[in-house]
Engineer: 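Please read through the structure below; I'll follow up with questions.
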2 protein chains.
Amino acid sequence: MSMGRPLAYDPEKALDAAMQVFWSRGYEATTLQDLLQAMGLSKSSFYQAFGGKKELFLRCIARYREKIGQGLIELLGNSGSAREFIERMLLNSAAEARRPNEARRGCLLMNTATECAQKDGDIAGEVSSGFDGLHALLCRAVRRGQEEGAITREVEAEALAGYLISSLGGIKTVVKSGADEQRVRDIVAVTLRALG
Amino acid sequence: MSMGRPLAYDPEKALDAAMQVFWSRGYEATTLQDLLQAMGLSKSSFYQAFGGKKELFLRCIARYREKIGQGLIELLGNSGSAREFIERMLLNSAAEARRPNEARRGCLLMNTATECAQKDGDIAGEVSSGFDGLHALLCRAVRRGQEEGAITREVEAEALAGYLISSLGGIKTVVKSGADEQRVRDIVAVTLRALG
DNA sequence: CCATTTCTGGACCAGAAGGTCCATAACTTC
DNA sequence: GAAGTTATGGACCTTCTGGTCCAGAAATGG
């Protein structure tokens, strides 16, 4: 078995670079050129390795999903309580309002849900999986919060988790619309009221 | 003063048609062809009357803003109380989850905030105006709700109005991600808890 | 019925889109 | 070092992009 010519680039890094581009620019607005440049490879290598724009995008979403999951688990670990974790998660989104308008990228998953989920079934599936993963994770956090007594038991954990995802999406949208940080922090404060 | 050749199309209808296309497909994914076909005019008429894709888009957003404002004012008038109005507004968004995936268009304003507000200052301005208008309208509704005793006075009306916009955006996003109606109704129920 | 004004169809454009192909380069194994 | 395998650069292709231009059509007032 021969190995053939070795890759001239790092597939992992290339994928990450592509993810960043899609995240910043959105799917439609991202051109092949943008991707090739950011990934540092030539057209033929691109098609050989990733198949095409859409296939690459699907892999980027999957990767983003993993990353975001890890990030949240880490945040949960670093938080003193589940309630604190939730608060910090929302405030992190609010903090994006400190950046200049062009740097407010939001969440790749939410952006994609808004931009593409209606047009392409494959992408919709990947987005849906992402939301499900997020929901499962938040469910666990909410349950812990309920056990700790910091979150109401009047509402099912599933419903509260759904509410948190929705709130997150709303906050991202408001930030993108150009709101300043204080306004978003106010929204976070009201959002937390619903947790009882 | 001579009048010249009359228009072969209805400018209002053409604008509405364009708005529908942008609403369904998003800005980037909409091509000139799509627009010309939906509007029923030729390229030269298009450029003469509307200037270009982006200029038309700005006008469509402005128009959407008006329409949505009127719609909400009407809903407010048809509602027995401000609280009921808010509830109905959120449930209307939830009801979109009854439609097939491809028909979940969301809100043009929110979609545009997500897709374009980072890339183009003019569009960002239009979006921002739209959010401000919505905020002002909801502020009034919240104040009425507070006077009626159905909404907490512990939180400023401005903050609650911001929260409602955010919630609306979140719900639209969740619907786009493919959630079923019951899940969204649960989110609405939790959302309303924060109003106290 | 002519001058003027305005609108319209379609030809035309340069550039960019995503994608394919192939000759060649760079490895490994024997 | 030859054979086998894989990766690369770049030429090439088709289709479509948003946009311009102009000759002529359709109305007006005089």
Side-chain angles (χ1 to χ4, degrees), chain A residues 1-61 112 115-116 119-123 126, chain B residues 1-61 112 115-116 119-123 126:
Chain A
M1 257 171 261
S2 36
M3 298 281 290
R5 180 172 171 174
L7 287 164
Y9 60 93
D10 180 342
E12 292 266 303
K13 298 218 178 198
L15 199 56
D16 276 335
M19 193 189 78
Q20 298 292 337
V21 177
F22 280 129
W23 192 357
S24 298
R25 302 232 230 278
Y27 180 70
E28 296 281 357
T30 296
T31 72
L32 232 0
Q33 294 294 346
D34 293 336
L35 292 169
L36 299 183
Q37 193 174 339
M39 300 170 81
L41 40 73
S42 75
K43 230 175 206 184
S44 32
S45 307
F46 175 85
Y47 279 100
Q48 167 144 331
F50 300 100
K53 188 184 176 185
K54 181 180 148 184
E55 289 73 20
L56 172 64
F57 187 54
L58 292 175
R59 290 189 56 182
C60 286
I61 299 180
T112 305
E115 191 194 345
C116 312
K119 298 165 200 156
D120 187 293
D122 298 328
I123 298 180
E126 208 66 49
Chain B
M1 259 169 259
S2 36
M3 299 281 291
R5 180 171 170 174
L7 286 165
Y9 60 93
D10 180 342
E12 293 266 302
K13 299 219 176 197
L15 199 56
D16 276 335
M19 192 188 79
Q20 298 293 336
V21 176
F22 280 128
W23 193 357
S24 298
R25 302 231 232 277
Y27 180 70
E28 294 281 358
T30 295
T31 72
L32 233 359
Q33 293 294 347
D34 293 336
L35 293 169
L36 298 182
Q37 192 174 340
M39 300 170 83
L41 40 74
S42 76
K43 230 175 205 183
S44 32
S45 306
F46 176 85
Y47 279 100
Q48 168 143 332
F50 300 101
K53 188 184 175 186
K54 182 179 147 184
E55 289 72 21
L56 172 63
F57 186 54
L58 292 174
R59 291 189 56 182
C60 285
I61 299 180
T112 305
E115 190 194 343
C116 311
K119 297 165 202 157
D120 187 293
D122 298 328
I123 298 179
E126 208 65 51

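Residue numbers start from 1 in every chain, and the chains themselves are labelled A, B, ... in the order their sequence lines are given, proteins ahead of strands.
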Engineer: Do A:Tyr27 and A:Ile61 have side chains that approach each other closer than 4.5 Å (heavy atoms only, starting at C-beta)?
Structural biologist: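 In short, these two side chains do not touch, never coming nearer than 4.5 Å.
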Engineer: For DNA chain D, which residues in residues 35-51 of chain B have a heavy atom at a distance below 4.0 Å?
Structural biologist: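 Heavy-atom cutoff 4.0 Å gives B:Lys43, B:Ser44, B:Tyr47.
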Engineer: Return the value, rounded to whole Å, for the distance between atom OH of A:Tyr9 and atom C1' of C:dA26.
Structural biologist: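 That distance rounds to 15 Å.
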Engineer: Report the distance from atom CD of B:Glu55 to atom P of D:dG18, rounded to the nearest whole Å.
Structural biologist: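 Taking CD of B:Glu55 and P of D:dG18, I get 13 Å after rounding.
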Engineer: Check the distance between C:dC27's C1' and A:Arg5's CZ and give it to me in whole angstrom.
Structural biologist: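 It works out to 8 Å between those atoms.
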Engineer: What's the CZ-P distance between B:Phe57 and D:dG19, to the nearest Å?
Structural biologist: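 These atoms are roughly 14 Å apart.
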Engineer: Please state how far atom CG in A:Leu7 lies from atom P in C:dA25, giving the value in whole angstrom units.
Structural biologist: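 Taking atom P of C:dA25 as the reference, CG of A:Leu7 is at 19 Å.
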Engineer: Excluding sequence neighbours, so at least two apart, what forms side chain to side chain contact (heavy atoms under 4.5 Å, CB included) with A:Arg5?
Structural biologist: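 Scan of A:Arg5 (side chain to side chain contact (heavy atoms under 4.5 Å, CB included), adjacent residues dropped) gives none.
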Engineer: Without decimals, in angstroms, what is the distance between B:Asp10 CG and C:dC7 P?
Structural biologist: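 One finds 14 Å between P of C:dC7 and CG of B:Asp10, rounded.
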Engineer: Who passes salt bridge (Lys or Arg N to Asp or Glu O under 4.0 Å) against B:Asp122, sequence neighbours left out?
Structural biologist: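 Salt bridge (Lys or Arg N to Asp or Glu O under 4.0 Å) list for B:Asp122, sorted by chain: B:Lys54.
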Engineer: Quick one: side chain to side chain donor-acceptor pair (under 3.5 Å) partners of B:Thr30, sequence neighbours excluded?
Structural biologist: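 So B:Thr30 forms no side chain to side chain donor-acceptor pair (under 3.5 Å) with any residue.
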Engineer: My understanding is that only residues two or more places apart in sequence, or in another chain, count here; which of them pass side chain to side chain donor-acceptor pair (under 3.5 Å) with A:Gln37?
Structural biologist: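 A:Gln37 satisfies side chain to side chain donor-acceptor pair (under 3.5 Å) with no residue once adjacent residues are dropped.
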Engineer: What's the angle between the local helix axes at either end of the helix from C:dC1-D:dG30 to C:dC30-D:dG1, using five pairs per end and rounding to 10 degrees?
Structural biologist: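 Computed from the C1' atoms at both ends, the axes differ by 10°.
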Engineer: Tell me, which of residues 18-32 of chain B have any heavy atom that sits under 4.0 Å from an atom in DNA chain D?
Structural biologist: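 Here the set is B:Thr30, B:Thr31, B:Leu32.
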Engineer: The criterion is side chain to side chain contact (heavy atoms under 4.5 Å, CB included); which residues satisfy it with A:Glu55, sequence neighbours excluded?
Structural biologist: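 Checked A:Glu55 against side chain to side chain contact (heavy atoms under 4.5 Å, CB included); zero matches.
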Engineer: Please check: side-chain N/O of B:Glu115 versus main-chain N/O of B:Glu28, any donor-acceptor pairing under 3.5 Å?
Structural biologist: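 Answer holds: yes.
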Engineer: Could I get the full list of salt bridge (Lys or Arg N to Asp or Glu O under 4.0 Å) partners for A:Asp16, not counting sequence neighbours?
Structural biologist: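 A:Asp16: salt bridge (Lys or Arg N to Asp or Glu O under 4.0 Å) contacts with A:Arg63, A:Lys67.
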Engineer: For B:Ser42, enumerate each residue passing the side chain to side chain donor-acceptor pair (under 3.5 Å) test, keeping only those at least two apart in sequence or located in another chain.
Structural biologist: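 Partners of B:Ser42 under the side chain to side chain donor-acceptor pair (under 3.5 Å) test: B:Ser44, B:Ser45.
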Engineer: Just to verify, what does B:Ala38 make a side chain to side chain contact (heavy atoms under 4.5 Å, CB included) with, not counting sequence neighbours?
Structural biologist: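 Scan of B:Ala38 (side chain to side chain contact (heavy atoms under 4.5 Å, CB included), adjacent residues dropped) gives B:Ala17, B:Val21.
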Engineer: Determine which pairs satisfy salt bridge (Lys or Arg N to Asp or Glu O under 4.0 Å) with at least one residue from residues 42-53 of chain B, sequence neighbours left out, and list them in order.
Structural biologist: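 Checked against salt bridge (Lys or Arg N to Asp or Glu O under 4.0 Å) - neighbours excluded - no pair reaches residues 42-53 of chain B.
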